[in-house]
Amino acid sequence: MTGSGSISSVLVANRGEIARRVFATCRARGISTVAVFSDPDANSPHVAEADLAVRLPGAAAADTYLNVDALLAAAKLTGADAIHPGYGFGSENADFARAVLAAGLSWIGPPPAAIAAMGSKIRAKKLMAAAGVPVFDEIDPGSVSQQQLPLLVKASAGGGGRGMRAVRHLADLPAEIAAAQAEAASAFGDPTVFCEPYVERGRHIEVQLMADLHGAVWAIGERECSIQRRHQKVIEEAPSPLVERVDGMRERLFEAAVTAARAIEYVGAGTVEFLADESGRFFFLEMNTRLQVEHPVTECTTGLDLVGLQLDLAEGGRLVGDPPPVHGHCIEARLYAEDPAAGWLPQSGTLHRVEIGSVTTEFRPGPGHGIRLDSGVVDGSEISTYYDPMLAKVISYAPTRTAAARALAAALVRSRLHGPATNRDLLVRVLRHPAFLAGDTDTAFLQTHDLAVLSTPLLSEDDLAVSALAAALSDAAHQRSAATVNRTLPSGWRNLRSQPESRRYAHGQRTVDIEYHYQRGAMVAPAHPDVVLESADQNQVVLEVRGVRRVFSIARYPGLVCVDSPNGSVQLCPIPRFDEPTSAAARGSLLAQLPGAVVDVLVAVGDQVLAGQPLLRLEAMKMQHTITAPRAGTVTDLPAAVGRQVLLGDVLAVLSTDEPPPDRPQDVTTTRESS
């Protein structure tokens, strides 16, 4: 933050959605834009949208988006006179900010001293306590007693839920501290951790701040971000249902947040995060010295362009008067490429199609109520394992909270997402849950209301079967369109009835079998006597189901058929009639379900292990994933070694046992087992 004058060209030292978001405001203001990109991001939308783009050779963040020398060289090469760090990566790196300023560039962020003051959570808590901001008591990891449990192990330099572990049993503390230290060192280059009391059912409340170089500090509304997984936010909203309910809480929150900013002479955009209980008491957690992922909910409820304000403040502008009042309600859902039912297993691969329902605006507040989309992907984007698996933020703005939740759920249901699995169905179930609609949202929401239930697909078993029937009818039409003989005849037609048409699809771990035949020109499916075929082509099937007309849209890709309907979406993998010969893994092999790097091996060949025992850890998509044994046995082979890069389907370990292995993995995190 320099306040040194007009900015003409901005390099965004980031990728994906946040880079596109900053570019949108820059374009509206006539400011030139510069993108940087790693090798996996060469075809990313943010690269195509920038005026200029510079390759950062490599894939790892340390070699690319965290490479300060490379970023400064890119700015010099393109003539950029300012750098916006986005969020994540180097956005809260005081040394990066200093290097930008030393190079004579404008830093669109807070002063390096303020970043450093909040960069260590241990030091930040002491500063806040001295300023009179409520804080939790710090617990020394080396002297924890049973009475102090449960507690939270946290990375001092951390953020985004990384380097964070909840501990409920004293015996687990050493291992959890070691795991948190390893993850913190990998993510932030600093293994320092500390402990604090763990509030099982707290409310995560944060205050958006803006501060100028002239001493003015705005508290621009609060946000509630209590719906979390792995201590990472999933759904955020403004205003907070809790703050709306508790008299005087908003004023006390704003006062504490402004006090925190003034204590470190803060300038720019920042967020002060608190953990609150149901009575309205709150305690300082951390200050994020950057723009937050969830900033759109504040923009929609205030009409402000927070990125625009960042640019104004970086040019030395003033905050005049009071911040605008909050109107209506806004809810943001983070759409991730992950499988909640499989321990939040990240997904990778080609996103063939991404079409969010009812979008009225992108990257900026709209003129009225509606659906806003801030996305880092487009049709054909490749979801890699090198970065966070967030695909997009879908944001609903409406006059009331109920209306916002209803519109957001409907938009997600209508969305077409073809490719890697996503958390879409879980988001919809949360938004429609009676407890959420009542404002009963805390950080344990997903556990309290049973993650297994919340992650259940929206499609019922009957709807799944009918969708698979629609896929089979469409596939048959697709085959007819490619036929070289009479294309008017139904697939499988004979002048004398023989075998029914049959198709098999894989849906997750399940197999769906479909059989039907034609009788006097009508389709007959024995398992679905109440289904009547109205029409079918390779893109659309119309069925009458129990007297109700339903339309199914069909899209097919190599090895994948996607069926979308008003009841929900399903992805099916056609199973060929005759399997191709393949090299089979040894019986008892644990196969990687996602690519990644082995960061820790916890067993050795010959070890006896118990079901659920950790075997090794993989790092992928900026998180560490523990591989556990699906059953008791002996480790007979261990191809995985620390530092090895593994691909999807690679053998990680082999377990032998006298008992036959299960047909499918049980309690295996990020692995599958070959039998």
Side-chain angles (χ1 to χ4, degrees), residues 1-10 22 25-26 28-31 80-87 91-94 96-119 124 127-128 130-133 206-223 250-273 284 286-292 295 298-299 301-326 365:
M1 185 68 63
T2 59
S4 57
S6 178
I7 293 172
S8 63
S9 178
V10 173
V22 176
T25 288
C26 288
R29 292 180 170 227
I31 297 173
D81 54 11
I83 289 183
H84 192 302
Y87 52 70
S91 62
E92 295 181 279
N93 184 331
F96 181 29
R98 293 189 187 100
V100 170
L101 295 172
L105 305 173
S106 293
W107 168 254
I108 305 175
I115 298 175
M118 294 292 104
L127 282 171
M128 294 300 100
V133 178
E206 60 189 32
V207 178
Q208 175 69 60
L209 294 176
M210 280 287 177
D212 65 21
L213 285 162
H214 313 285
V217 181
W218 277 3
I220 313 176
E222 85 285 343
R223 301 184 285 255
R250 180 168 290 119
E251 290 74 16
R252 291 186 289 112
L253 273 170
F254 286 6
E255 181 182 2
V258 170
T259 297
R262 294 192 184 282
I264 58 171
E265 299 181 345
Y266 197 81
V267 179
T271 302
V272 184
E273 301 196 348
F284 173 85
E286 63 185 356
M287 184 174 186
N288 295 125
T289 52
R290 54 174 167 80
L291 198 66
Q292 291 280 87
H295 75 274
T298 298
E299 292 186 323
T301 51
T302 62
L304 293 171
D305 180 340
L306 296 187
V307 174
L309 274 178
Q310 285 187 297
L311 293 169
D312 291 340
L313 298 178
E315 292 178 330
R318 291 178 177 271
L319 297 172
V320 180
D322 296 323
V326 169

Considering residues at least two apart in sequence or located in another chain, which fulfil the side-chain hydrogen bond (donor to acceptor under 3.5 Å, both in side chains) criterion with Asp212?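 Expected list: none.
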Arg29: side-chain hydrogen bond (donor to acceptor under 3.5 Å, both in side chains) partners, not counting sequence neighbours: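 Here the qualifying residues are Asp312.
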Those residues that, when tested against Phe284, pass ring-ring contact (aromatic ring centres under 6.0 Å, His included) (two or more places apart):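 In terms of ring-ring contact (aromatic ring centres under 6.0 Å, His included), with neighbours along the sequence ignored, Phe284 is linked to no residue.
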Residues in side chain to side chain contact (heavy atoms under 4.5 Å, CB included) contact with Ala97, at least two apart in sequence or another chain: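 With neighbours one apart ignored, the set is Trp107, Pro112, Ile115.
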Which heavy-atom pair separates [X] from [Y] by the least distance, and what is that distance?
X	Y	result
Pro324	Thr302	CG-O, 3.8 Å
Gly270	Gln208	O-NE2, 3.2 Å
Leu306	Glu299	N-OE2, 2.8 Å
Ser9	Asp81	O-OD1, 2.8 Å
Glu92	Arg290	OE1-NE, 2.9 Å
Val217	Ala211	CG2-CB, 4.0 Å

Rounded to the nearest 0.5 Å, how far apart are [atom1] of [X] and [atom2] of [Y]?
X	Y	atom1	atom2	answer
Ile83	Ile7	CD1	CD1	11.0 Å
Leu213	Arg318	CG	CZ	9.5 Å
Thr289	Tyr87	OG1	OH	15.5 Å
Cys26	Leu311	SG	CG	5.0 Å

Check against side-chain contact (heavy atoms from CB on, under 4.5 Å), Gln292 and Arg223: CA-CA 11 Å; Gln292 291 280 87; Arg223 301 184 285 255; 3.5 Å; yes
Under 3.5 Å donor-acceptor, His214 side chain and Gly316 backbone: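 Yes, His214 side chain to Gly316 backbone: donor-acceptor pair under 3.5 Å.
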Contacts of type salt bridge (charged side-chain N to carboxylate O under 4.0 Å, His left out), residue Arg250, not counting sequence neighbours: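 Only Glu222, Glu244 meet the salt bridge (charged side-chain N to carboxylate O under 4.0 Å, His left out) criterion with Arg250.
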Do the non-hydrogen side-chain atoms of [X] and [Y] ever get within less than 4.5 Å of each other?
X	Y	value
Leu304	Thr298	no
Thr25	Ile31	no
Leu209	Met287	yes

Please step through side-chain contact (heavy atoms from CB on, under 4.5 Å) for the pair Met128 and Met118, ending with a clear verdict. CA-CA 10 Å; Met128 294 300 100; Met118 294 292 104; 3.8 Å; yes
Given Val307, Leu291, Ile108, the one that forms side chain to side chain contact (heavy atoms under 4.5 Å, CB included) with Val22: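 Exactly one option meets the side chain to side chain contact (heavy atoms under 4.5 Å, CB included) with Val22, and it is Val307.
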Can you give the donor-acceptor pairs under 3.5 Å from side chains of residues 254-269 to other protein atoms, not counting sequence neighbours?
{"residue": "Thr259", "atom": "OG1", "partner": "Glu255", "partner atom": "O", "Å": "2.8"}
{"residue": "Arg262", "atom": "NH1", "partner": "Gly215", "partner atom": "O", "Å": "3.0"}
{"residue": "Tyr266", "atom": "OH", "partner": "Ala269", "partner atom": "O", "Å": "2.7"}

